[in-house]
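A short write-up of the structure that comes next.
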Amino acid sequence: MKNQHDPLTPEEESLRFVSRFYRENKNNTSEAWKKILPHLRRDRKTSRRMWIYRTVAAAAVFAGILIGMTYYWNRLHTDWVIVTADAKPRELFLPDQSNITLSPGSSLRYDRLCFGKDERRVELSGKAYFAVHHEADHPFRVATPTVTIQVLGTQFQVEAATDSTTAFVASGKVRFSTGKSYCDLTADMRAVGQKDGNIRVTKAASRNELAWKTHRLTYRHTPLRQVVDELEKLYGCSITGIPEEELFLTSDFNEMQLTDIIHIINQTLDTHLSVEP
């Protein structure tokens, strides 16, 4: 028989430790698992959520890098199409079938690689008439040194100089912006955008804004001095013999030579206008 003072074996020590804390129906392993399992499930859901968040974040970062690389690639890789008009007006069709007529001495360019992807952007120097094909998802913009014109469905004319840009709307509507201010122009409205960002809007002063393209001139009780100014500008010439008295002209000229127009004016108003050689 073992004496109570004899040292305990390791097995006896373990049994004594368990018996000291054991209470019947208290240490229920099933109940313990019931309490532990919800925490484990929550941990798994949290881990899964974190994995999803990290995956989405990584995808967003990758997409941002891809967009940035595409943007800079497009910026660095361009294929400019440049069209110029020399002594005569020149007509062209853009890839979207918009029709443009360039005035003599004018030029237009656009990037063939970018045109029509997000926007349809052209850059103009000189004067041009635009008949734009409508595409709501791809806005059409004309850029000059001083303004940007966004087409809202229209036919219009733009004349771009170094320090100002003039736009005249034949039909429809455009948004005329200098960056500092903007205005919407509708049919028969004319705007001049200055280099300082200011805009001056008026009704068209002449019926013949588009005469260089249409070859039609219309005058209704128009001062002769104004008629002569328009003819000189349109035909690039100098006209002499203008009387001092104020005379007015009412007439239509459709696709006529300058010499024939001058002859009709002289016959109508009994003047002696002539074109300097």
Side-chain angles (χ1 to χ4, degrees), residues 83-94 97-108 122 124-132 142 144 149 154-162 164-172 174 185-192 202-277:
V83 183
T84 60
D86 297 323
K88 295 181 179 180
R90 182 172 178 180
E91 188 173 21
L92 66 141
F93 286 89
L94 296 177
Q97 295 306 304
S98 292
N99 178 228
I100 300 175
T101 305
L102 288 174
S103 174
S106 303
S107 65
L108 177 142
V122 299
L124 173 69
S125 175
K127 181 162 64 174
Y129 176 83
F130 295 82
V132 176
V142 181
T144 76
I149 299 168
T154 189
Q155 295 180 354
F156 63 102
Q157 172 181 284
V158 180
E159 186 170 2
T162 304
S164 67
T165 297
T166 303
F168 166 73
V169 177
S171 65
V174 303
L185 305 177
T186 54
D188 294 328
M189 292 183 70
R190 191 172 185 268
V192 180
T202 63
K203 282 284 186 180
S206 172
R207 298 169 179 264
N208 303 314
E209 290 274 1
L210 304 177
W212 65 273
K213 171 181 166 55
T214 63
H215 307 290
R216 296 188 182 97
L217 291 163
T218 299
Y219 296 107
R220 295 292 180 266
H221 198 64
T222 306
L224 180 59
R225 180 70 258 182
Q226 180 181 329
V227 174
V228 170
D229 287 344
E230 288 187 356
L231 292 175
E232 288 180 332
K233 183 178 180 181
L234 182 62
Y235 289 93
C237 65
S238 180
I239 298 173
T240 60
I242 305 167
E244 292 184 3
E245 60 186 301
E246 190 172 19
L247 301 175
F248 298 88
L249 178 68
T250 297
S251 186
D252 295 315
F253 305 108
N254 295 329
E255 300 190 21
M256 296 179 65
Q257 298 292 326
L258 178 59
T259 53
D260 294 332
I261 294 174
I262 294 297
H263 178 72
I264 291 173
I265 293 174
N266 286 336
Q267 291 293 317
T268 303
L269 299 179
D270 192 23
T271 55
H272 301 282
L273 302 179
S274 63
V275 180
E276 285 191 349

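Evaluation of the side-chain hydrogen bond (donor to acceptor under 3.5 Å, both in side chains) rule for Thr271 yields Asn266 as partners, not counting sequence neighbours. Partners of Phe248 by ring pair (Phe, Tyr, Trp, His ring centres under 6.0 Å), not counting sequence neighbours, listed by chain and number: His221. Contacts of Thr162 classified as side-chain hydrogen bond (donor to acceptor under 3.5 Å, both in side chains), with partners at least two apart in sequence or in another chain: none.
Side-chain contact between Glu230 and Thr222 is absent, with no heavy atoms from C-beta onward closer than 4.5 Å. Side-chain atoms of Thr101 and Trp212, non-hydrogen and from C-beta on, do get closer than 4.5 Å to each other. Leu231 is listed as a side-chain neighbour of Ile262, based on a closest heavy-atom distance under 4.5 Å. Residues Phe253 and Ile265 form a side-chain contact, since some pair of their non-hydrogen atoms from C-beta on lies under 4.5 Å apart. Leu102 places none of its side-chain heavy atoms less than 4.5 Å from the side chain of Thr84. Using a 4.5 Å heavy-atom threshold, the side chains of Asn99 and Glu91 count as touching.
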- Message: Quick one, Ile264 with Met256, criterion side chain to side chain contact (heavy atoms under 4.5 Å, CB included). Give me CA distance, side-chain angles, the key distance, then yes/no.
- Response: CA-CA 11 Å; Ile264 291 173; Met256 296 179 65; 3.3 Å; yes
- Working for side chain to side chain contact (heavy atoms under 4.5 Å, CB included), residues Phe168 and Asp188: CA-CA 7 Å; Phe168 166 73; Asp188 294 328; 4.1 Å; yes
- Task: Start with the C-alpha gap between Ile261 and Tyr235, add the side-chain angles, then the distance that decides, and say whether side chain to side chain contact (heavy atoms under 4.5 Å, CB included) holds.
- Result: CA-CA 11 Å; Ile261 294 174; Tyr235 289 93; 3.6 Å; yes
- Task: List the steps, then state whether side chain to side chain contact (heavy atoms under 4.5 Å, CB included) holds for Val158 with Thr165.
- Result: CA-CA 7 Å; Val158 180; Thr165 297; 3.7 Å; yes
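Scanning both residues, Gln157 and Glu209, for their nearest heavy atoms gives OE1-O, 3.0 Å. Closest of all the heavy-atom pairs between Ala187 and Ala170 is CB-O, 3.8 Å.
For Arg190 (side chain) and Thr166 (main-chain N/O), no donor-acceptor pair under 3.5 Å exists by modelled atom type. Side-chain atoms of Glu232 come within 3.5 Å of backbone N or O of Ile239 as a donor-acceptor pair. Formation of a donor-acceptor pair under 3.5 Å by the Ser98 side chain with backbone atoms of Leu94 is not found in this model. Checked by atom type and distance alone, the side chain of Asp86 never pairs as donor or acceptor with a backbone atom of Pro104 at under 3.5 Å. One N or O on the side chain of Ser106 and one on the backbone of Lys127 form a donor-acceptor pair closer than 3.5 Å.
With Phe130 as the fixed residue, the side chain to side chain contact (heavy atoms under 4.5 Å, CB included) test singles out one of Ile149, Leu124, Val174: Leu124.
Between the OG1 atom of Thr144 and the CD atom of Glu159 there is a distance of 11.0 Å, given to the nearest 0.5 Å. Arg216 CZ to Asn208 CG: the interatomic distance, rounded to the nearest 0.5 Å, is 11.5 Å. In this structure, the separation between CG on Leu249 and CG on Leu217 is 10.0 Å, given to the nearest 0.5 Å. The distance from the CZ atom of Phe156 to the OG1 atom of Thr186 is 14.0 Å, given to the nearest 0.5 Å. Separation of atoms CG (Leu224) and OG1 (Thr268) is listed at 10.5 Å; rounding is to 0.5 Å. Here His215 contributes atom NE2 and Glu255 contributes atom CD; the two are 6.5 Å apart, rounded to the nearest 0.5 Å.
We find that Asp229 and Arg225 are joined by a salt bridge, their nearest charged nitrogen and carboxylate oxygen being less than 4.0 Å apart.
In the displayed structure, Asp260 atom CG is contacted under 6.0 Å by more than 12 heavy atoms of other residues, nucleotides or ligands.
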